[in-house]
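Right, one structure below, let's go through it.
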Amino acid sequence: MERTTLIELALRAAACAQLGIALLNFALVRLMRWKPDLDQLPLLIREVFNVHLVFISVTVATFAVLTWRFAGEIATGADPAATWLAIAIGIFWAIRSIMQWTSYSSTHWRGDAIRTGLHWLLFLGSGAFALGYLIAGLSRT
C-alpha cells in the first residue's frame, strides 16, 4: 500500500475517533458524575462550562467532518488549504497533549490505576492525533 493511501486511511480513522470524542464529550458530566459539583458552582461558571463543553464538541466534530471530506487532499498535498488545515488540527492536538500534563494536578490521578490509565490514554491519544496531522501536513509543505 502506498504512503498516500496509508495517510488517507489514518486520517479517516482519526476523523472517526474525533467524532466519537465529540459525541462522548456531551456525556462527560454524567460519566464523570460532575453534576453535584457543577450544581454548587455559581450560575455564570456553570453556563461558561456548558458553553465551552458544547463548543469543544462542535470544534472536534468539525475537525472530524473536514478531515473525512478532505482526507485525500490532505494525504496528497494537492490543496494548500487542506495542508494548512492538517497543520492547524495537529497544533490543536499537540497543545491538548501538552496541557494533559501542565494543566491537571497529579492528585487527580496518581495512585488510582483507572484514572492514571485514562490520563495516559488522553495524553497519548492527543499526541497521536497531533503527530498524525502534523506528519500529514508538514510532509507536503
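Source: prediction; values computed, not measured.
Using cut-offs of 30° and 60° for the angle between ring planes, the Y104 and H108 rings count as perpendicular. Between H119 and W109, the two ring planes are parallel [angle under 30°; tilted spans 30° to 60°].
Taking each heavy atom of G77 and T83 in turn, the nearest pair found is CA-OG1, 3.9 Å. Of all the heavy atoms in A78 and P80, the pair that sits closest is O-CD, 4.0 Å. The two residues A130 and G90 come nearest to each other via the heavy atoms CB-O, 3.4 Å. Across all non-hydrogen atoms, the minimal contact from L19 to A61 is CD1-CB, 4.3 Å. In terms of heavy-atom proximity, T116 sits nearest to G111 at OG1-N, 4.2 Å. Annotation for L38 and R46: closest pair O-CD, 2.8 Å, computed over non-hydrogen atoms.
Taking CZ from R12 and CZ from R69, the interatomic distance works out to 9.0 Å, rounded to the nearest 0.5 Å. For the atom pair CG (L131) and CG (L124), the distance works out to 11.5 Å, reported to the nearest 0.5 Å. Taking CE of M32 as the start and CG of L118 as the end, the distance is 7.0 Å to the nearest 0.5 Å. We find the CG-OG distance between L122 and S97 to be 9.5 Å, quoted to the nearest 0.5 Å.
Under a hydrophobic clustering in which Ile, Leu, Val, Met, Phe, Trp and Tyr are joined whenever their side-chain heavy atoms come within less than 4.5 Å, directly or via other members, L23 and L28 fall into different clusters. In terms of hydrophobic clustering, with Ile, Leu, Val, Met, Phe, Trp and Tyr side chains grouped at heavy-atom distances under 4.5 Å, W84 and L134 are assigned to a common cluster. I74 and W68 fall into different hydrophobic clusters, defined by Ile, Leu, Val, Met, Phe, Trp and Tyr side-chain heavy atoms under 4.5 Å apart, directly or through other members. I45 is connected to L53 through a chain of hydrophobic side-chain contacts under 4.5 Å among Ile, Leu, Val, Met, Phe, Trp and Tyr, so both are in one cluster.
Remark: R115 pairs with no residue by the salt bridge (Lys or Arg N to Asp or Glu O under 4.0 Å) rule, at least two apart or across chains.
Side-chain contact between N25 and V60 is absent, with no heavy atoms from C-beta onward closer than 4.5 Å. Here the side chains of T67 and Y133 are in contact, with some heavy-atom distance below 4.5 Å. Between T62 and V58, the closest side-chain pair of non-hydrogen atoms falls below 4.5 Å. Using a 4.5 Å heavy-atom threshold, the side chains of D37 and L41 count as separate. At a threshold of 4.5 Å between non-hydrogen side-chain atoms, the residues I95 and I98 do not count as touching. Proximity of Q18 to I89: side-chain heavy atoms (C-beta onward) are separated by under 4.5 Å at one or more points. Two residues are said to be in side-chain contact when any heavy atoms from C-beta on lie closer than 4.5 Å; F70 and D79 fail this criterion. Considering only heavy atoms from C-beta on, F63 stays 4.5 Å or farther from F129 through its side chain.
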(message) For S126 and M99: C-alpha separation, side-chain torsions, deciding distance, then whether side chain to side chain contact (heavy atoms under 4.5 Å, CB included) applies.
(response) CA-CA 10 Å; S126 299; M99 290 184 76; over 6 Å; no

(request) Could you walk me through whether L31 and L24 pass the side chain to side chain contact (heavy atoms under 4.5 Å, CB included) test, one step at a time? (result) CA-CA 9 Å; L31 291 171; L24 185 65; 3.4 Å; yes

(message) For I87 and I91: C-alpha separation, side-chain torsions, deciding distance, then whether side chain to side chain contact (heavy atoms under 4.5 Å, CB included) applies.
(response) CA-CA 6 Å; I87 293 169; I91 291 169; 3.9 Å; yes

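Under a 3.5 Å cut-off, the side chain of E8 and the backbone N or O of T4 do not form any donor-acceptor pair.
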